[in-house]
Asks: 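First the structure, then my questions, so here it is.
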Amino acid sequence: MSKFDNYKIKYYNINNVSEIKELKNLPENDLESMKIVAKLLPFRVNNFVIENLIDWKKAPNDPIFKMTFPHRGLVRDKHYELLRSSSFNNEILNRIRSELNPHPSGQKSNVPMLEGKEVKGLQHKYDETVLLFPREGQTCHTYCTFCFRWPQFIGDKQLKFETDQTKAIYRYIKNSSQITDILFTGGDPLVMPAKKLRAYIEPFLSADFKHIKTIRIGSKALSYWPFRFISDEDTVALLKLFREVVKSGKHLAFMAHFNHWIELENEFVRKAIKNIQKTGAVIRSQSPILSNINDSSDVWSKMWRTQYQVGIVPYYMFVERDTGADHYFSVPLYKAYSIYCDSVNQLSGLCRTVRGPSMSATPGKLNVEGIKEINDKKVFVLKFLQARQREWVNKLVFAEYDEKATWLNDLRPAFENEFFFEE
Ligand SMILES: *Cc1c(COP(=O)(O)O)cnc(C)c1O
Ligand code: SF4
């Protein structure tokens, strides 16, 4: 027996939230608004987050608390009034949700076609990489209050990208030789039992899929449920699957989602990182930059430094998408850029491979590369890291400098009437 054994997951949602004893010290107001906000946004948190990540002396101002528990600041005043009013009903709820831009950046339009039918459960936006949404992986160990996929977790069937249409998926990928990367995403694919995950991954290791070089798994389990890689019932089977992927000659890229260095400071996550690395998988990290959570270079430099020290490769800093509680989390682009620069400046070259701040928008991934004066005009210099059309990759884009801009929609071309990608 070790200290890692017998830690069993327990979930809390708004129905059993009163069982969380740590909440007893919060003001009455906060508990009431928690219930009101939970009508609108998904809420689920597990015992590990409560017992190991949140510093309850700092709650409700603790960053991990703010990114997992519903709270007043997440909802605009006009919506909050509607949510708490006595005439509140489902129709009002749906209207509020529709006003929160529930499907940003044309995600629905990336679903590929096979023989005249949509291949549900896939998104194929960039030639080399396809996103796969396994049906059983569409929940998470804990929901993040800033998540851009929030509508998936509140039972909005129309908005869900989930599937068990596996035949069509495999046929489509088999016939698409330009695809090199499969990204398993969700939700969190690592809520699935190892057996299920194996059923999804194993076919890609066969000779039909020689063109697939990399299996990526996007997950927040390292941070929110490290026992997945230490002492869960099927941990051994999960790590064995990882080893097999590596042994088959493919790269296993574990895309870890960390938002704050706090998530890296416990012994469990450190042990889990080592266990994953021992399989030959490489862990990369990505996170959005979030107001009220990590909008300072101290947080990012410490997070990246720690990651690089334990062999995690910092990969992306994302700009928070224009959906859900974005008014609470969004950071102006100029500020995100300055935080990126100040953080990277403090780190060794090995860490400066990280890219950002990057917007995953409809035309592609646009990175803020600089702020510059050109012909007496202050501009944002942006660059396509990924693009819907291959010829746009690496192209520069010049937009008028605007301190209020938080997303591509807010930007105007600096020197033309229209951005070239807008036609
Ligand atoms: C970021 C992203 C990818 C992966 O892009 P890489 O630059 O290869 O990591 C794939 N699909 C979508 C929709 C993305 O936003
Ligand atoms: S773990 Fe990822 S998918 Fe799940 S709620 Fe958080 S950000 Fe969203």
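Whatever order the structure lists them in is the order used to number ligands and atoms, beginning at 1.
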Asks: Select the closest option to atom 13 (C) of ligand 1 among Q286, K125, H124, judged by heavy-atom distance.
Replies: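 It is K125 whose heavy atom sits nearest to atom 13 (C) of ligand 1.
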
Asks: Can you name the nearest heavy-atom pair linking S223 to H257, along with the distance?
Replies: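 Smallest heavy-atom distance, with atoms named: CB-O, 4.1 Å.
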
Asks: Is the shortest side-chain heavy-atom distance between F384 and N367 below 4.5 Å?
Replies: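 F384 does not reach N367 side chain to side chain.
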
Asks: At the 4.0 Å heavy-atom cut-off, does G186 count as touching ligand 2?
Replies: no

Asks: Could you check whether any side-chain heavy atom of T214 comes within less than 4.5 Å of a side-chain heavy atom of T129, counting everything from C-beta outward?
Replies: no

Asks: Which heavy atom in A325 sits nearest to a heavy atom in L41, and how many Å separate them?
Replies: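 So the two residues come closest at CB-CD1, 4.4 Å.
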
Asks: Which option wins on minimum heavy-atom distance to atom 1 (C) of ligand 1: R355, K365, M359?
Replies: K365

Asks: So for R216, does at least one of its heavy atoms come nearer than 4.0 angstrom to any atom of ligand 1?
Replies: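 It does; at least one heavy atom falls under 4.0 Å.
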
Asks: Report whether any nitrogen, oxygen or sulfur of C147 sits less than 2.8 Å from atom 4 (Fe) of ligand 2 (N, O or S, backbone or side chain).
Replies: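 So C147 does not bind atom 4 (Fe) of ligand 2 by this criterion.
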
Asks: Under a heavy-atom criterion of less than 4.0 Å, does W150 contact ligand 2?
Replies: no

Asks: Pick out which of I54, T145, I50 makes a side-chain contact (heavy atoms from CB on, under 4.5 Å) with F65.
Replies: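 Among I54, T145, I50, the one that satisfies the side-chain contact (heavy atoms from CB on, under 4.5 Å) with F65 is I54.
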
Asks: Which atoms of ligand 2 are found less than 4.0 Å from any heavy atom of C140?
Replies: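 Here the atoms of ligand 2 in question are 1 (S), 3 (S), 4 (Fe), 5 (S).
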
Asks: Hey, is L385 one of the residues with a heavy atom under 4.0 angstrom from ligand 1?
Replies: no

Asks: Salt bridge check, K220 against E263: does any charged N sit closer than 4.0 Å to a carboxylate O?
Replies: yes

Asks: Under a 4.0 Å heavy-atom limit, does F148 contact ligand 2 with its side chain, its backbone, both, or neither?
Replies: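 Within the 4.0 Å criterion, F148 makes no contact with ligand 2.
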
Asks: For ligand 1, which atoms sit closer than 4.0 Å to a heavy atom of Y315?
Replies: 6 (P), 7 (O), 8 (O), 9 (O)

Asks: Check each of F318, Y316, Y126 against atom 7 (O) of ligand 1 and report the one with the nearest heavy atom.
Replies: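 Nearest heavy atom to atom 7 (O) of ligand 1 lies in Y316.
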
Asks: What's the shortest distance from atom 5 (S) of ligand 2 to any protein heavy atom, and which residue and atom give it?
Replies: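 The closest one turns out to be C144 N, 3.2 Å.
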
Asks: In terms of residue, atom name and distance, what is the protein heavy atom nearest to atom 11 (N) of ligand 1?
Replies: L131 CD1, 3.2 Å

Asks: Any salt bridge between E400 and R412, counting N to O under 4.0 Å?
Replies: no

Asks: Should you measure from each heavy atom of S360, which atoms of ligand 1 turn up under 4.0 Å away?
Replies: 15 (O)

Asks: Is it true that R72 and D77 make a salt bridge, defined as a side-chain N closer than 4.0 Å to a carboxylate O?
Replies: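 Salt bridge: yes.
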
Asks: So if I count the atoms of ligand 2 from 1 in the order they appear, which ones are less than 4.0 Å from some heavy atom of H257?
Replies: 2 (Fe), 7 (S)

Asks: Please test D234 against K195 for salt bridge (charged side-chain N to carboxylate O under 4.0 Å, His left out), starting from the C-alpha separation and ending with a verdict.
Replies: CA-CA 8 Å; D234 63 349; K195 220 167 126 188; over 6 Å; no

Asks: Does the side chain of I293 come within less than 4.5 Å of F146's, by heavy atoms?
Replies: no

